[in-house]
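Structure first, commentary second.
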Amino acid sequence: MLSRKGIIPEEYVLTRLAEDPTEPRYRARERRARFVSKKGNCNVAHKNIREQGRFLQDVFTTLVDLKWPHTLLIFTMSFLCSWLLFAMVWWLIAFSHGDLAPGEGTTVPCVTSIHSFSSAFLFSIEVQVTIGFGGRMVTEECPLAILILIVQNIVGLMINAIMLGCIFMKTAQAHRRAETLIFSKHAVITLRHGRLCFMLRVGDLRKSMIISATIHMQVVRKTTSPEGEVVPLHQVDIPMENGVGGNSIFLVAPLIIYHVIDSNSPLYDLAPSDLHHHQDLEIIVILEGVVETTGITTQARTSYLADEILWGQRFVPIVAEEDGRYSVDYSKFGNTVKVPTPLCTARQLDEDRSLLDALTLASTRGPLRKRSVAVAKAKPKFSISPDSLS
């Protein structure tokens with residue numbers, strides 16, 4: 001069809017038809033699927049849930065978890081349906097009492113000024129939202145009308161409480177505060193106090209603090225038990241360290257959180273050659289705390305795949321003292337610099353400490369050599385002999 005219109009040459013169409021369509025022409029870059037995205041969303045799809053009724057047992061949470069268009073639709077339809085339902089009830093009361101035909105029956109109606117379904121609908125709105133224009137009102141003629149008035153008021157209050165509470169909870173959800181909690185795009189592995197450490201940087205863009213902030217880290221990878229059981233998402237907790245020790249942090253300025261890779265660490269056998277996109281490794285970082293302004297517990301998450309871990313690099317300093325106060329330069333938040341780091345696993349470094357000594361010796365010789373060269377270049381091209389002074 002395209003060749004007839006002259007859009008694609010006919011010989012190209014025949015060539016493509018002769019090829020095997022099942023054989024891919026280009027190979028996409030294979031990469032491990034994330035368990036947690038960089039923004040903190042869990043990459044899990046729930047399928048074949050048979051007991052859907054469980055969600056209706058917790059209606060409020062279900063309404064809060066819905067998307068905004070669905071929530072606004074339910075918000076609008078709940079009021080419209082209640083108004084229409086009670087409008088039908090008021091119309092039936094007026095019809096059964098003979099109020100729709102004023103010339104017949106009693107002279108005192110159950111509800112004044114109701115002559116059609118439209119007037120009954122307007123009266124239903126006035127009752128539920130307590131407008132009270134004054135043209136329509138319930139009389140003492142019909143006790144049933146008084147009972148319906150009480151029921152509609154109670155139902156209207158319940159709908160207002162549920163829907164307004166749902167809207168408030170959606171606008172004040174904890175993950176909104178987590179948008180200003182940031183993590184470095186890459187993590188690094190380098191030396192600190194003579195040990196290999198896994199490091200990342202975390203910061204808070206707002207001035208309002210996160211109270212009782214704690215940070216946790218997990219390694220997620222596919223493992224197989226000795227019995228042959230395959231665990232696709234095996235989660236292992238590993239301790240995190242910070243400047244004050246423990247998992248609690250004082251997040252006023254960006255902090256570098258690090259994990260010492262020792263014999264108890266699942267990263268003990270991790271080598272620089274393993275940091276590629278084919279490696280089945282994901283490190284999840286979870287920051288949790290209480291929002292100072294609202295008192296709601298919030299949680300920020302991120303993850304690092306193997307190819308997002310930089311070996312032999314260190315984060316640059318971004319906190320400086322200026323004019324009697326500390327300033328933070330967030331433009332360098334994720335910047336790193338290369339530093340001398342042994343290209344071996346933590347196990348190999350513990351077994352052979354000479355690798356660290358050789359690295360230290362090489363790092364000290366480098367500046368001395370450059371300094372000697374600079375001094376040699378700084379020598380004058382002429383000299384004054386003692387004879388010339390005499």
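For the atom pair CG (Asp307) and CG (Asp274), the distance works out to 12.5 Å, reported to the nearest 0.5 Å. Note: Arg221 CZ to His234 NE2 = 9.0 Å, rounded to the nearest 0.5 Å. Here CG of Leu85 is found 12.5 Å from CG of Leu80. Values are rounded to the nearest 0.5 Å. Here the CD1-SG distance, from Ile146 to Cys110, works out to 9.5 Å after rounding to the nearest 0.5 Å. Between atom CD1 of residue Ile210 and atom OG1 of residue Thr180 there is a gap of 7.0 Å, rounded to the nearest 0.5 Å.
Between the side chain of Thr190 and the backbone N or O of Gly312, no donor-acceptor pair lies under 3.5 Å. Put simply, the side chain of Asn43 gets close to the backbone of Arg34: a donor and an acceptor are under 3.5 Å apart. For Ser124 (side chain) and Trp83 (main-chain N/O), a donor-acceptor pair under 3.5 Å exists by modelled atom type. Under the 3.5 Å distance criterion, the side-chain polar atoms of Asp65 are left unmatched by any main-chain donor or acceptor of Thr62. One N or O on the side chain of His259 and one on the backbone of Pro239 form a donor-acceptor pair closer than 3.5 Å. Panel note: side chain Glu292, backbone Met209; a donor-acceptor pair is recorded below 3.5 Å. Within the 3.5 Å criterion, the main-chain N or O of Ile74 finds a donor-acceptor partner in the side chain of Ser78. Not one N or O on the side chain of Ser212 forms a donor-acceptor pair closer than 3.5 Å with the backbone of Gly289. No donor-acceptor pair closer than 3.5 Å links the side chain of Ser331 to the backbone N or O of Asp329. The closest donor-acceptor contact from the side chain of Ser96 to the backbone of Ile93 lies under 3.5 Å.
Phe79 is connected to Trp90 through a chain of hydrophobic side-chain contacts under 4.5 Å among Ile, Leu, Val, Met, Phe, Trp and Tyr, so both are in one cluster. A single hydrophobic cluster is seen to contain both Leu84 and Val155, as judged by linkage of ILVMFWY side chains at heavy-atom distances under 4.5 Å, directly or through other members. Transitive grouping of hydrophobic side chains (ILVMFWY, heavy atoms separated by less than 4.5 Å) brings Tyr304 and Ile215 into a common cluster. A single hydrophobic cluster is not seen to contain both Ile150 and Met137; linkage of ILVMFWY side chains at heavy-atom distances under 4.5 Å, directly or through other members, places them apart. Phe333 and Val202 end up in different hydrophobic clusters when Ile, Leu, Val, Met, Phe, Trp and Tyr side chains are linked at under 4.5 Å.
In summary, the side chains of Ser303 and Glu282 do present a donor paired with an acceptor at a separation below 3.5 Å, with no hydrogens or angles considered. Checking His186 against Thr336 by side-chain atom types alone, no donor-acceptor pair falls below 3.5 Å.
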For a side-chain contact (heavy atoms from CB on, under 4.5 Å) check, start with the C-alpha distance between Arg195 and Asp262, then their side-chain angles and the critical distance, and finish with the verdict.
CA-CA 8 Å; Arg195 306 295 297 272; Asp262 52 13; 3.5 Å; yes
Please test Leu305 against Phe35 for side-chain contact (heavy atoms from CB on, under 4.5 Å), starting from the C-alpha separation and ending with a verdict.
CA-CA 10 Å; Leu305 297 181; Phe35 185 53; over 6 Å; no
Step-by-step salt bridge (Lys or Arg N to Asp or Glu O under 4.0 Å) determination, Asp269 to Arg347
CA-CA 6 Å; Asp269 295 320; Arg347 181 188 296 274; 2.6 Å; yes
Starting from the C-alpha separation in whole Å, work towards a yes-or-no answer on side-chain contact (heavy atoms from CB on, under 4.5 Å) for Leu281 and Leu267.
CA-CA 10 Å; Leu281 175 66; Leu267 307 179; 4.3 Å; yes
So Ser184 and Leu200, side-chain contact (heavy atoms from CB on, under 4.5 Å) or not? Walk me through it.
CA-CA 6 Å; Ser184 57; Leu200 61 101; 4.0 Å; yes
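When all heavy atoms of Lys170 and Lys67 are compared, the pair lying nearest together is NZ-C, 4.4 Å. Scanning both residues, Arg177 and Val291, for their nearest heavy atoms gives CG-CG2, 3.5 Å. When all heavy atoms of Ala306 and Gln279 are compared, the closest pair comes out as CB-CB, 3.6 Å. For the residue pair Trp311 and Pro272, the shortest heavy atom distance occurs at CE2-CG, 3.4 Å. Residues Gln235 and Val220 approach most closely at CG-CG2, 4.0 Å, considering heavy atoms. The two residues Glu141 and Pro143 make their nearest non-hydrogen contact at O-CD, 3.7 Å.
Side-chain contact between Lys222 and Val230 is present, with heavy atoms from C-beta onward closer than 4.5 Å. Taking 4.5 Å as the limit, some side-chain heavy atom of Leu191 sits within range of a side-chain heavy atom of Leu196. Side-chain contact check for Thr71 versus Leu63: every heavy-atom pair is 4.5 Å or farther apart. Side-chain contact check for Leu275 versus Leu270: some heavy-atom pair is nearer than 4.5 Å. At least one side-chain heavy atom of Gln128 sits under 4.5 Å from a side-chain heavy atom of Ile159. The closest side-chain heavy-atom distance from Tyr330 to Ile182 is below 4.5 Å. Taking 4.5 Å as the limit, every side-chain heavy atom of Val111 sits out of range of all side-chain heavy atoms of Asp99. Using a 4.5 Å heavy-atom threshold, the side chains of Gln218 and Val36 count as separate.
The local environment of NZ in Lys38 is crowded, with over 12 non-hydrogen atoms from other residues, nucleotides or ligands closer than 6.0 Å. At most 12 non-hydrogen atoms from other residues, nucleotides or ligands lie less than 6.0 angstrom from NE2 of His70. Within a 6.0 Å radius of CZ in Arg192, more than 12 heavy atoms belonging to other residues, nucleotides or ligands are found. Counting non-hydrogen atoms of other residues, nucleotides and ligands closer than 6.0 Å to CD of Glu140 gives a total of 12 or fewer.
Taking the six-membered ring where the residue is Trp, Trp91 and Phe95 present parallel rings, their angle staying beneath 30° rather than reaching 60°.
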